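One structure is given below, encoded as structure tokens.
We count ligands from 1, going down the list as the structure has it; atoms in each ligand are counted the same way. From a predicted model like this one, the values you see are computed outputs, not experimental measurements.
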Amino acid sequence: MRTFVKFAVGTAIAGLMAGGAYAQDTVKVGLVISMTGSQASTGKQIKAAVDLYMKEHGDTVAGKKIQVILRDTGSVPDNAKRLSQELIVNDKVSVVAGFEVTPAALAVAPLSAEAKVVELVMAAGTSIITEKSPYIVRTSFTLPQSSVIVADWAAKNNIKKVVTIVSDYAPGADAEKWFIDTFKKDGGQVVETIKAPLANPDFAPFLQRAADAKPDAIFVFVPSGQGATFMKQYTERGLDKAGIKVIGPGDVTDDDLLPQMGDAVIGAVTAHMYSADHDSAMNKKYVADFTKAAGFRPNFMSVGGYDGMHLIYEALKKTGGKADGDSLIAAMKGMKWESPRGPISIDPETRDIVQNIYMRKVEKKNGQLYNVEFETFKDVKDPAKIKK
Ligand code: PHB
């Protein structure tokens, strides 16, 4: 009898916690990423960064317990929509976060708009995403941010003739357009534009076509995770020996895969928002703590996850724990802070990220390959959103 009473009371308390007091004191964050499939490397980077942030900052903010609910899309963008819907309707999350590819981020936008739930884009990089719901905010990057800067650099550094190779989907189209428009305006010549399939790409035939055009450089965008394959085939085809340089946004020389790319990648010049080699006290600690906890080097996707958690924590401090979409998004607009990548902020008008873009060159340091930063462009907004 005594055991039964204990059990009944225990169950009643658990029930109360699930429905009433507990629910009010918890802010749920749905983390919708790929832990399996072709984009798993990005999902693992983001998950490790979210875990690190919470280990450092605790799981309570403004009197609320933060509960992260992880859902694996298996790298299928349609799953992102279904899983986000379940998280919003059944789990009553205050934020859906993650989204390693543009199609996943876009698929969730109508849900975010309709349910008035913050969609925090930690990875995808197509410019237009943030315009698809007033509750979308981004802590990753846009492809135009870096493509414009590498185009100006190329034109000023004796690169006259370029072939572009981009993955055939939205961020590739953004990278290609903003590179070409800027490079041509600067007097450069684009002799061929090549689109490679997104799924299981074999770059060899495209690299051959590029080599035949005898350019000074190839401008390349491939999503995080494909850089090592691209660089391997670039070397196998002898483009490095032919003196054809690799330039682009930094996705191709991803810090995660860079150590396995081999010395042919030395000298690749890219523009990007994060390097594991970024010289700040905060980043040195970040790289050391991240590598120790995760067992691999943080890349540019990881900081989108880390800073995304920071944005949620700081917004909750500002709202005093209020977690409805209107309160949270209002608190996020204009937020400024120091990230392992350098100073960043959320543009109050566009909800997109404003950040430094660095020119970097792959070099060997203490026997390891790094993207070594050599020039900084401060507080870069998404050029696609700057009104003419
Ligand atoms: C995207 O799908 O938006 C995306 C994915 C990986 C990248 C960049 C952009 O490295």
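Counting atoms of ligand 1 from 1 in the listed order, those under 4.0 Å from a heavy atom of P223 are 5 (C), 6 (C), 7 (C), 10 (O). Listed by atom number, the atoms of ligand 1 under 4.0 Å from T102 heavy atoms are 1 (C), 2 (O), 3 (O). Annotation for ligand 1: atoms under 4.0 Å from non-hydrogen atoms of E100 are 5 (C). Counting atoms of ligand 1 from 1 in the listed order, those under 4.0 Å from a heavy atom of F141 are 8 (C). Numbered from 1 in the order shown, with element, the atoms of ligand 1 that lie under 4.0 Å from a heavy atom of V101 read 1 (C), 2 (O). Listed by number with element, the atoms of ligand 1 under 4.0 angstrom from any heavy atom of Y169 are 1 (C), 2 (O), 4 (C), 5 (C). Ligand-side atoms of ligand 1 in range of S224: 6 (C), 7 (C), 10 (O), range being under 4.0 angstrom from any heavy atom. Residue-ligand proximity, F300 to ligand 1, at heavy-atom distances under 4.0 Å covers atoms 10 (O).
Of the options A170, G125, P103, the smallest heavy-atom separation from atom 9 (C) of ligand 1 is shown by G125.
Formation of a donor-acceptor pair under 3.5 Å by the T126 side chain with backbone atoms of I128 is not found in this model.
A salt bridge is absent between D25 and K65; no separation between the charged side-chain nitrogens and carboxylate oxygens falls under 4.0 Å. Taking 4.0 Å as the cut-off between side-chain N and carboxylate O, K132 and E119 do not count as a salt-bridged pair. Between K385 and D347 no salt bridge is recorded (no basic side-chain N to carboxylate O distance below 4.0 Å). Comment: D255 engages R297 in a salt bridge, judged by a side-chain N to carboxylate O separation of less than 4.0 angstrom. Salt-bridge check for K116 with D326: failed, with every basic side-chain N at 4.0 Å or more from each acidic carboxylate O.
In terms of the salt bridge (charged side-chain N to carboxylate O under 4.0 Å, His left out) criterion, E338 has no residue partners (sequence neighbours excluded).
Side chains of Y358 and H272: no donor on one and acceptor on the other come within 3.5 Å. Under 3.5 Å, the side chains of Q355 and D379 contain no donor-acceptor pair of N or O atoms.
Looking at F99 against ligand 1, nothing comes within 4.0 Å, counting heavy atoms. The part of D251 lying near ligand 1 is the side chain, judged by heavy-atom distances below 4.0 Å.
At least one heavy atom of M301 sits less than 4.0 Å from an atom of ligand 1.
Close N/O approach between A124 and ligand 1 is not found [any backbone or side-chain N/O within under 3.5 Å]. Distances between N or O atoms of Q39 and those of ligand 1 include no value under 3.5 Å.
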